[in-house]
Amino acid sequence: MVFDVESIRKDFPILNRKVNGKPLVYLDNAATSQTPQQVIDVIVDYYSNYNANIHRGVHALSQEATDAYENARRTIQSHFNAKHPHEIIFTSGTTHSINMVANGFASLLKKGDEIIVSALEHHSNIVPWQMLCEKTGATLKVIPMSSEGELIISEYDKLLNENTKLVFVNHISNALGTINPIENIIDKAHNVGAAVLIDGAQACPHLKPDVQKLNVDFYVCSAHKICGPTGIGMLYGKEEWLQKLPPYQGGGEMIAEVSFDKTTYADLPHKFEAGTPNVCGGIAFGAAIDYMNTIGFGTIAQYEDELLEYATNELLQIQELKIYGTSANKTSVISFNVGNIHPYDLGTLLDKMGIAVRTGHHCAQPIMDFYKIPGTVRASFMFYNTKEEIDLFISALKKSIMMLS
Ligand SMILES: *Cc1c(COP(=O)(O)O)cnc(C)c1O
């Protein structure tokens, strides 16, 4: 299939809007992606035709909603190549998924145990582990990074030992775009008997992970970064791990039998899905994955690499512009600063010209501390962006720099 970006763009109504009188150029995809009409239609259809509570009702609407929700789970299972549908737990997103695992490990860890995270983590992948360490007396170790924004694997090797119980690394850094060598990280952790959780929030928009091939213990992501709605995401866990971890929340849906003496928990995945879930969100998450797969991840990666290379070359023509995260192995995220200009000022002027970028620490303050900067401007691309948009961004950026120097 030939990739026709103009016809793809027609799927995204929001890309037609104007911001401050200028056509919107949306380059904040690493924060959230836009939603195609195909997914919006699924949401409208759900609330127009079969909105109901699931799993409990004998009536038609409840059964239709249950079928659609469980079909979405199977879509996600097959996309990630999980062995069983019940290894896919619906959550409210990456943050929720990580907290679920961290909470589960609270009963399995003890003083002297060690948890390894990486210097490239999002706050949502640091704070839950700090809380877990406080609760259990385990210690947190950090894989350091290089100035290119790559993890230093020889240092990781030194951190691993028989006390290592868990390793948590993101697949792709949201702040710098670095693709981490997770296969290697996972294998080495398993050699010392540690479990591995991979934060795939930033990877899933750009590639298709195979959890069985990776042999990863837990893999998590959010639907809103892959053309789905906010408030829904998933936790993949190997069956044996999900059996071992205690439930996260108590409530309806997650029980087998309840009496005041004893409650037994429901089977997977319901053990981890207490209460009425985000039914519509789950169904739309499945639709978003279907949508991305119709374009195809090979096509997406190839096109986004072109955008990344084009934008990087154009940006490097600008005097005093410095890009943070220069690994050869990266996706379409560019973090940069220009001279002493504060990133916030650049972001504000760009917005006046219709360009949406992110400024700040990108929920990754340790990375900013490493570079000794308060933050960066971050432009991140999806398959629906164009070279023309990059040209508009570059010319608006040059104008902003002139106004600020
Ligand atoms: C966005 C992101 C998160 C947090 O995702 P939420 O949807 O806010 O829970 C975590 N890690 C990475 C790498 C991200 O890009």
Mind telling me whether F218 and F105 have parallel, tilted or perpendicular rings, with 30° and 60° as the class edges? perpendicular
Residues pairing under side chain to side chain donor-acceptor pair (under 3.5 Å) where one sits in residues 318-329, two or more places apart or in two chains, turn out to be E150-S327
How close do Q34 and F12 get, heavy atom to heavy atom, and via which atoms? O-CE2, 3.4 Å
Less than 4.5 Å apart, side chain to side chain, heavy atoms only: is that true for Y384 and I300? no
Just wondering, do S332 and S380 contact through their side chains at under 4.5 Å, heavy atoms? no
Show me the donor-acceptor pairs within less than 3.5 Å that the side chains of residues 282-292 make with the rest of the protein, sequence neighbours left out.
residue: Y291; atom: OH; partner: D11; partner atom: OD2; Å: 2.7

Any chance the side chains of N29 and N385 put a donor and an acceptor closer than 3.5 Å? yes
Please report the closest heavy-atom contact between L214 and Y219, naming both atoms and the distance. CD1-CE1, 4.4 Å
Ignoring hydrogens and geometry beyond distance, is a side-chain donor-acceptor pair present between D41 and Y46 at under 3.5 Å? no
Check whether any side-chain heavy atom of I89 sits under 4.5 Å from a side-chain heavy atom of M234, and report yes or no. no
Can we call the ring centroids of F383 and Y303 under 6.0 Å apart? no
So, is the end of the K271 side chain (NZ or CZ) under 6.0 Å from the ring centre of Y265 and within 45° of the ring's axis? no
Do the side chains of F381 and I334 get nearer than 4.5 Å, heavy atoms only? yes
Indicate yes or no: at least one non-hydrogen side-chain atom of Q202 is less than 4.5 angstrom from one of K225. yes
As an exercise, state the distance from OG1 of T312 to CG of D305, rounded to the nearest 0.5 Å. 10.0 Å
How about E304 and H206: does a side-chain donor come under 3.5 Å of a side-chain acceptor? yes
What distance do E121 atom CD and I126 atom CD1 have between them, rounded to the nearest 0.5 Å? 6.5 Å
For G149 against T178, the heavy-atom pair lying closest together: O-OG1, 2.8 Å
Got a donor-acceptor contact below 3.5 angstrom from the T66 side chain to the S62 backbone? yes
For residues N99 and N103, is any side-chain donor paired with an opposing acceptor at under 3.5 Å? no
Counting the benzene-type ring for Trp, do H123 and H361 have ring centres under 6.0 Å apart? yes
State, to 0.1 Å, how close C221 and I226 come at their nearest heavy-atom pair, and which atoms those are. SG-CD1, 4.4 Å
V142 to L159 - nearest heavy-atom pair and separation: O-CD1, 3.5 Å
Measure the CG-OG1 distance between N161 and T164 for me, rounded to the nearest 0.5 Å. 4.0 Å
Does any donor atom in the side chain of H86 or E239 lie under 3.5 Å from an acceptor atom in the other side chain? yes
For the atom pair OG (S335) and CD1 (I373), what is the distance rounded to the nearest 0.5 Å? 7.0 Å
Minimum heavy-atom distance A201-T94, with the two atoms named: CB-OG1, 3.5 Å
Does one side chain, of T276 or N53, offer a donor that lies under 3.5 Å from an acceptor on the other? yes
Which residue pairs pass the side chain to side chain donor-acceptor pair (under 3.5 Å) test with at least one member in residues 180-197, sequence neighbours excluded? D157-K188, N170-N180, N184-K188, H190-D217
Salt bridge flag under 4.0 Å for residues R73 and E273: yes
Polar contact flag, side-chain donor to acceptor under 3.5 angstrom, N81-D210: yes
One should read off an interatomic distance between L350 CG and R358 CZ, to the nearest 0.5 angstrom, of 14.0 Å
Does the side chain of V167 reach to within under 4.5 Å of the side chain of I185, using non-hydrogen atoms? yes
Taking side chain as C-beta onward, heavy atoms only, is K330 less than 4.5 Å from L176? no
Regarding E70 and H55, is there a side-chain donor-to-acceptor distance under 3.5 Å anywhere? yes
Does the cation-pi check pass for K238 over W241, that is, NZ or CZ under 6.0 Å from the six-membered ring centre and within 45° of its axis? no
First locate atom CG of N293, then atom NE2 of H79, and finally report the distance between them rounded to the nearest 0.5 Å. 5.5 Å
F80 and Y236: aromatic ring centres closer than 6.0 Å? no
Side-chain heavy atoms of I295 within contact of F3, under 4.5 Å: yes
